[in-house]
Amino acid sequence: MTDRRSVLHATTAAAVAAAMPGLARAQAFPNRPIRLICPWTAGGTTDIVMRSWAESASRILGQQVLIENKTGAGGTLGAIELTNAKPDGHTLAQLPHSVFRIPHMQKVQFDTTKDFTWIICMTGYTFGMVVRAESPIKDIKDLVAFAKSKPGEFTYGSPGIGTSPHLAVEEFAAKAGIKLSHVPFKGVADGLQALIGGHTMGHSDSTGWGPQVEAGRLRLLATYGSKRTKRWPNIPTLNELGYETVSDSPFGVCGPKGMDPAIVKALHDAFRKVIEDPAVLQMLDKYDQPVIYMDTAAYTKFAQETFVAEKGTIERLGMANKS
């Protein structure tokens, strides 16, 4: 009996000792400010929403969460930053849908399926196509008619090659049998400036264009979600118009590969509280971003499956890297 008790005590002590380093690291985390990389321009939809996350997370974690903008390369610069970061939880990033697509289109400096920790998915986007208010193109039917009569003459901007607002329009164009000319920008601010200035004819992006639509300077032709938005209930989706195009690009917070599970859990739990914060929910609602929650396991599964699915999309659109 004594021997059995001794074995049990020894086994328990060994298990506790093995868990202690992870527990100690989690209890000490975070011990300095956290960098949360936004791979889009300051003042854009994603940047504004992520700053609300950072403010909320700073209170919850007891350390400052600082937004750092790394723009360009279709939103993949945050991914590159993560491949060079220590997996200690103090460097995080938003990984947009382009990290699932661009590797199928060109060589990149990361492996989407191996180089990241998918901590928590929090939200997604409302995307849409806008034109200037004085444009003769009043709706998607007009756009299709124009593009059929003048192939390639309709120019539209997006936040970059391989981003969701780009690929959704290319998918729509393929289904409609039309050819459009894409002009990539670093973010919504640059793209809208080009549109308003008459340098492009349309812009495809998340709802950073919303205030311009509401002010009557831009016209919204369609959104790309599975259903109409609460904010613009009279605007149809591409899907309901018969073009079988749906895009909402779920995203959240990610870290480098090899993170301690205890730190991953601490971050997951903190950011889970962030998307319950009324101030954050108000900001998400303002920019038409629904809560799309996935825990670490579900988000990791989603990432693996999406990477494979996007390979098929890129190949179908004829945009796959041939080298």
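Heads up: numbering here begins at 1 and tracks the sequence.
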Under 3.5 Å: donor-acceptor pair, side chain of N84, backbone of I80: yes
T91 side chain vs A85 backbone, donor-acceptor pair below 3.5 Å: no
Is it the case that [X] and [Y] place a side-chain donor and acceptor less than 3.5 Å from each other?
X	Y	result
D111	T113	yes
H182	S158	yes
R231	T126	no
Y125	T46	yes
T83	D115	no
W40	Q94	yes

Parallel, tilted or perpendicular: rings of [Y] and [X] (30°, 60°):
X	Y	answer
F110	F116	tilted
H268	Y293	tilted
H90	F29	perpendicular

Are there over 12 heavy-atom neighbours, none belonging to [X], within less than 6.0 Å of that residue's [atom1]?
X	atom1	value
Q282	CD	no
K138	NZ	yes
E276	CD	yes

Stepwise ring-ring contact (aromatic ring centres under 6.0 Å, His included) test for F172 and Y243: CA-CA 6 Å; F172 149 68; Y243 297 106; 5.0 Å; yes
Centroid-centroid under 6.0 Å between W118 and F307 rings: no
